[in-house]
Structures are given as structure tokens and as C-alpha cells.
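Some notes on the structure that comes next.
All values below come from the heavy atoms of this structure, side chains included, with hydrogens, waters and symmetry mates left out. Everything numeric here is computed off the predicted structure, so don't read it as measured data.
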Amino acid sequence: MREPDRIIRLKTVLSRTGLSRSTIYRKIAEGTFPAQLKISANGTGWHESDINRWITDPVGWRPKGEFDEVR
């Protein structure tokens, strides 16, 4: 059975990627970093698997498309 995909918050993303907050949001706007998810009225987070994919290949990372293989 697959483990559920955890939602991680900005502090963890900053720590794991080594990027600054402004760089993360700039890259989201450019489409070169996973977009955050709205998890509450004032809170956002990221799928841990998306961040792991970005860390593995930051230059080649692209958002998952409609026809991409589910892993």
C-alpha cells in the first residue's frame, strides 16, 4: 500500500531546497517550481513528492501534465 503524500509547509520547503522565500515565489510565477496548495483560509503547503521531484532535477522539473504517468 502506498503511503499518502504529505503536505509540507514553507519553513520545511525553505530548509529542504536552500532557496529563499522570494526565490521560491518567483520560480512559482515562472512555472519552474511546484505551486503551493491552499490547505486552509490562511495556510498553504506543498505536496512533499512535488518538492522531492524538484530537488532531484531542478533544471528539468516541469509540472505534471494531464497525461503523465502516476508514480
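The two atoms that bring Leu14 and Leu19 nearest to each other are CD2-O, 3.3 Å, heavy atoms only. Across all non-hydrogen atoms, the minimal contact from Gly31 to Pro63 is O-CD, 4.1 Å.
No donor-acceptor pair closer than 3.5 Å links the side chain of Trp61 to the backbone N or O of Ile51. In terms of modelled atom types and a separation under 3.5 Å, the side chain of Thr12 and the main chain of Ile8 share no donor-acceptor contact. A donor-acceptor pair is defined here as one N or O able to donate and one able to accept, closer than 3.5 Å; no such pair exists between the side chain of Lys27 and the backbone of Glu30. For Arg6 (side chain) and His47 (main-chain N/O), no donor-acceptor pair under 3.5 Å exists by modelled atom type. Using modelled atom types, no side-chain atom of Asp50 and backbone atom of Pro34 make a donor-acceptor pair closer than 3.5 Å. Within the 3.5 Å criterion, the main-chain N or O of Lys11 finds no donor-acceptor partner in the side chain of Ser15.
Note on Val13: it does not cluster hydrophobically with Ile7, by side-chain heavy-atom contacts below 4.5 Å among ILVMFWY residues. Clustering ILVMFWY residues whenever any of their side-chain heavy atoms sit less than 4.5 angstrom apart, transitively, puts Leu10 in the very cluster that holds Ile55.
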Practice problem: Would you sort out whether Asn52 and Arg16 count as a side-chain contact (heavy atoms from CB on, under 4.5 Å), showing the intermediate values? | Solution: CA-CA 9 Å; Asn52 289 340; Arg16 301 255 329 261; 2.3 Å; yes
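For the pair Arg9/Ile39, a side-chain contact is recorded, criterion being any heavy-atom separation below 4.5 Å from C-beta on.
In this structure, Phe33 and Trp46 have perpendicular ring planes: the angle between them is above 60°, well past the 30° mark.
Residues forming a side-chain hydrogen bond (donor to acceptor under 3.5 Å, both in side chains) with Ser22 (at least two apart in sequence, or on another chain): Ser20.
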